[in-house]
Amino acid sequence: MKLPGQLYVDGAYREAASGARTSLINPATEAEFTTVSAAGTADVEAAVASAQRAWEGGWRDLAPGKRAEILYRIARLLRDYVEHIAEFEMLQIGKPIADARDEAGLGARVFEYYAGAISQFGGQTLPVARGGFDFTLRQSMGVVAAIVPWNFPFPIACWKVAPALAAGNCVVLKPASLSPLTALALGEIAHAAGLPAGVLQVLPGSGSVVGDALVSHPLIRKVSFTGSTEVGRHIMGLAAKDIKRVSLELGGKSPNIVFADADWQKAADNSPMSVFANTGQDCCARSRVYVERSVYEPFVERFVGATQKLIVGDPTHTETQLGPMVSAGQRASVEAYLDDARKTGATIACGGGRPLAKGYYLSPTVLLNAGADSKCWREEIFGPVVAITPFDDEAAMLRDVNASPYGLSGSIWTQNLSRALRVSRAVQSGVLSVNSHSSVHVEAPFGGFKTSGLGRDLGMSAMEGYTELKNVYVAE
Ligand code: TAP
């Protein structure tokens with residue numbers, strides 16, 4: 001498969017109407033390696049019109065078994081192209097190749113899951129008070145806009161495209177400007193697997209141009225967005241005009257809570273990758289660690305030791321665990337947080353600098369003594385930075401956890417079952433794990449409370465979110 005370089009509309013690659021192109025920089029080398037067409041509003045018009053035609057012209061009415069067959073074929077072909085997808089992901093965002101391969105496989109698995117879900121998905125019959133026959137239908141919506149970020153470009157695109165297609169919608173996918181390649185590959189592969197032209201369009205281009213034009217377009221019935229809380233708020237405002245359906249997966253500042261009765265050694269060994277994986281550019285990063293005071297010091301020592309063993313470097317090497325950050329701008333934003341942390345009295349237990357001369361690298365950084373109101377304790381940093389604090393009292397710790405405006409994910413480490421259940425109920429977040437950091441399961445709903453989002457990706461909940469619910473009453 002060749003490196004994609006154009007928009008994918010109506011089952012074929014084409015240049016943007018304006019001829020505009022964006023250059024892509026490899027974050028590991030800081031060098032431009034290719035350019036890609038940048039869509040404008042004329043391309044949005046063409047893509048949405050083609051998607052609407054594809055929906056009315058057959059996709060919405062295709063027998064569920066046929067839709068499932070096509071989704072299974074997409075999954076199979078994605079597996080055949082795992083190496084290409086992984087390489088594109090590595091080049092555009094600096095993702096270590098081993099992670100990029102896993103994520104390419106995860107995308108295929110998402111298509112398999114929703115292909116299977118099609119035959120399990122339907123309405124209900126209801127015993128209504130006035131007798132007669134009452135049933136519900138789950139109907140497709142029309143054209144869905146999927147707007148995705150650069151941190152997990154391929155799997156998040158699959159999380160949105162697969163359930164939307166499975167439910168009978170057509171999709172216009174807008175990847176982040178930094179990471180269009182794997183979304184374009186998905187468009188090409190899906191078409192090669194038999195998805196009819198127009199059912200999936202891929203439009204790289206700027207968020208403020210393509211994103212806004214999609215969200216404001218009268219034929220777009222739903223916007224499914226993953227990205228920052230700030231842009232999510234903006235999208236929700238624009239969507240309000242036509243009461244468009246929205247689902248939003250936004251930022252996070254997730255807690256990692258370690259009780260003294262836990263296997264805290266295991267927690268200390270496993271926790272660095274719960275925040276530093278993907279170089280900390282992860283909405284689920286466990287970036288605030290609360291450790292019960294009696295084990296705080298040994299826990300910190302072990303956590304720092306495990307952090308210093310992480311392999312940071314060239315993403316082409318299979319043993320690399322942390323690659324560069326995605327861009328110079330993203331690294332500068334994280335470094336500003338570190339400056340603020342130093343000024344406000346936090347201590348840097350390890351990291352804090354640039355480990356390599358070339359590439360947007362930043363060492364995994366552990367902060368201690370961060371103030372409860374400091375930016376690094378309260379705000380999403382979206383980089384390889386964690387802050388660790390001791391706690392004495394469960395209730396006070398939970399008040400601090402829940403004082404965050406975010407509520408995406410979190411971990412609880414304890415061997416006490418009642419405590420695990422009590423704290424799981426108390427933490428205000430959409431996703432939690434006990435004695436683990438695993439947040440994402442294709443079969444289970446994923447999304448946030450509070451400003452972390454609205455609606456859910458994955459599981460059957462996501463598929464429901466790409467339908468309208470109709471009730472039909474038939475008099476006997
Ligand atoms: P954003 O700047 O929000 O960008 C996300 C997507 O929105 C990109 O495709 C972007 O396009 C587009 N966009 C930007 N402005 C837009 C507008 N006015 N209208 C419509 N679309 C617009 O976020 P990011 O920097 O890529 O990603 C980091 C953030 O995403 C973090 O806060 C992180 O927590 C969050 N995130 C959340 C999750 C979940 S699942 N909750 C997962 C991953 C990331 P351009 O690239 O062209 O600007």
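In each ligand, atom 1 is the first atom listed, and ligand 1 is the first ligand listed.
Residue W150 has at least one nitrogen or oxygen atom sitting less than 3.5 Å from a nitrogen or oxygen atom of ligand 1, judged on distance alone. For a threshold of 3.5 Å applied to N or O pairs, the pair formed by W159 and ligand 1 contains no separation below that value. At a 3.5 angstrom cut-off on N or O pairs, T226 does not count as close to ligand 1. For V148, a nitrogen or oxygen atom sits less than 3.5 Å from a nitrogen or oxygen atom of ligand 1, counting backbone and side chain alike.
Proximity of G205 to ligand 1 is established by a heavy-atom distance of less than 4.0 Å. Residue F225 places a heavy atom less than 4.0 Å from ligand 1. Ligand 1 lies within reach of I156, whose nearest heavy atom is under 4.0 Å from it.
Of all the listed residues (P153, G329, G227, G251), G227 holds the heavy atom that lies closest to atom 30 (O) of ligand 1. Closest to atom 13 (N) of ligand 1 by heavy atom, among A285, G453, G207, is G207. Heavy-atom proximity to atom 18 (N) of ligand 1, evaluated over L214, N151, L458, D212, is greatest for D212.
For atom 11 (O) of ligand 1, the nearest protein heavy atom (residue, atom name, distance) is K174 NZ, 3.0 Å. Looking at atom 20 (C) of ligand 1, its nearest protein heavy atom turns out to be G211 CA, 3.4 Å. Distance from atom 41 (N) of ligand 1 to its nearest protein heavy atom, with residue and atom name: L250 O, 2.6 Å. For atom 38 (C) of ligand 1, the nearest non-hydrogen atom of the protein is C283 SG, 2.9 Å. If you check which protein heavy atom lies closest to atom 27 (O) of ligand 1, you get P149 CB, 3.8 Å. When hydrogens are left out, the protein atom nearest atom 28 (C) of ligand 1 is F382 CE2, 3.4 Å; that is the closest non-hydrogen contact. If you check which protein heavy atom lies closest to atom 46 (O) of ligand 1, you get S177 N, 2.8 Å. Nearest protein neighbour of atom 23 (O) of ligand 1, counting heavy atoms only, is S228 N, 3.4 Å.
Between R101 and E83, at least one side-chain nitrogen of the basic residue sits less than 4.0 Å from a carboxylate oxygen of the acidic one, meeting the salt-bridge criterion. Using a 4.0 Å cut-off between charged nitrogen and carboxylate oxygen, K222 and E468 do not count as a salt-bridge pair. Using a 4.0 Å cut-off between charged nitrogen and carboxylate oxygen, D339 and R342 count as a salt-bridge pair. Under a 4.0 Å N-O distance rule, the pair R21/E15 qualifies as a salt bridge.
Rounding to the nearest 0.5 Å gives a distance of 8.0 Å between CG of D314 and CE of M90. Note that the CZ atom of R245 and the CG atom of L454 stand 12.0 Å from one another [nearest 0.5 Å].
Contacts between Q281 and ligand 1, counted as non-hydrogen atom pairs separated by less than 4.0 Å, are absent for every part of the residue. Counting heavy atoms under 4.0 Å from ligand 1, residue E380 touches it through the side chain alone. Contacts with ligand 1 closer than 4.0 Å are made by side-chain heavy atoms of I147 only, the backbone lying farther away. Residue D457 does not touch ligand 1, judged by heavy-atom distances below 4.0 Å. At a heavy-atom distance under 4.0 Å, only side-chain atoms of L408, from C-beta outward, approach ligand 1. Only the backbone of P175 comes within 4.0 Å of ligand 1, judged by heavy-atom distances. Residue contacts with ligand 1, taken as heavy atom pairs separated by less than 4.0 Å, involve F446 solely via side-chain atoms from C-beta onward.
Checked against a 6.0 Å centroid threshold, the rings of F446 and W159 count as neighbours.
At least one donor-acceptor pair closer than 3.5 Å links the side chain of S452 to the backbone N or O of G251. Formation of a donor-acceptor pair under 3.5 Å by the T344 side chain with backbone atoms of A341 is found in this model.
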### Derivation of the salt bridge (charged side-chain N to carboxylate O under 4.0 Å, His left out) call for K95 and E103
CA-CA 10 Å; K95 187 165 306 249; E103 290 174 21; 2.9 Å; yes
### Message
Using the rule given for side-chain hydrogen bond (donor to acceptor under 3.5 Å, both in side chains), can you reason through E380 versus S287, listing the C-alpha separation, both sets of side-chain angles and the distance that settles it, and then say yes or no?
### Response
CA-CA 8 Å; E380 182 181 48; S287 52; over 6 Å; no
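Taking every non-hydrogen atom of S206 and a distance limit under 4.0 Å, the qualifying atoms of ligand 1 come out as 47 (O).
Inter-residue side-chain proximity for I97 and T320 is flagged as unmet; no heavy-atom pair is nearer than 4.5 Å.
Donor-acceptor pairing under 3.5 Å is recorded for the side chains of S224 and K160.
Atom 34 (O) of ligand 1 lies below 4.0 Å from at least one non-hydrogen atom of the protein.
Across V144, L238, V143, V48, a single residue satisfies side-chain contact (heavy atoms from CB on, under 4.5 Å) together with L214, and that is V48.
Annotation: E30, atom CD; neighbour count of heavy atoms from other residues, nucleotides and ligands within 6.0 Å is above 12. The environment of OH in Y81 is sparse: at most 12 heavy-atom neighbours from other residues, nucleotides or ligands sit within 6.0 Å.
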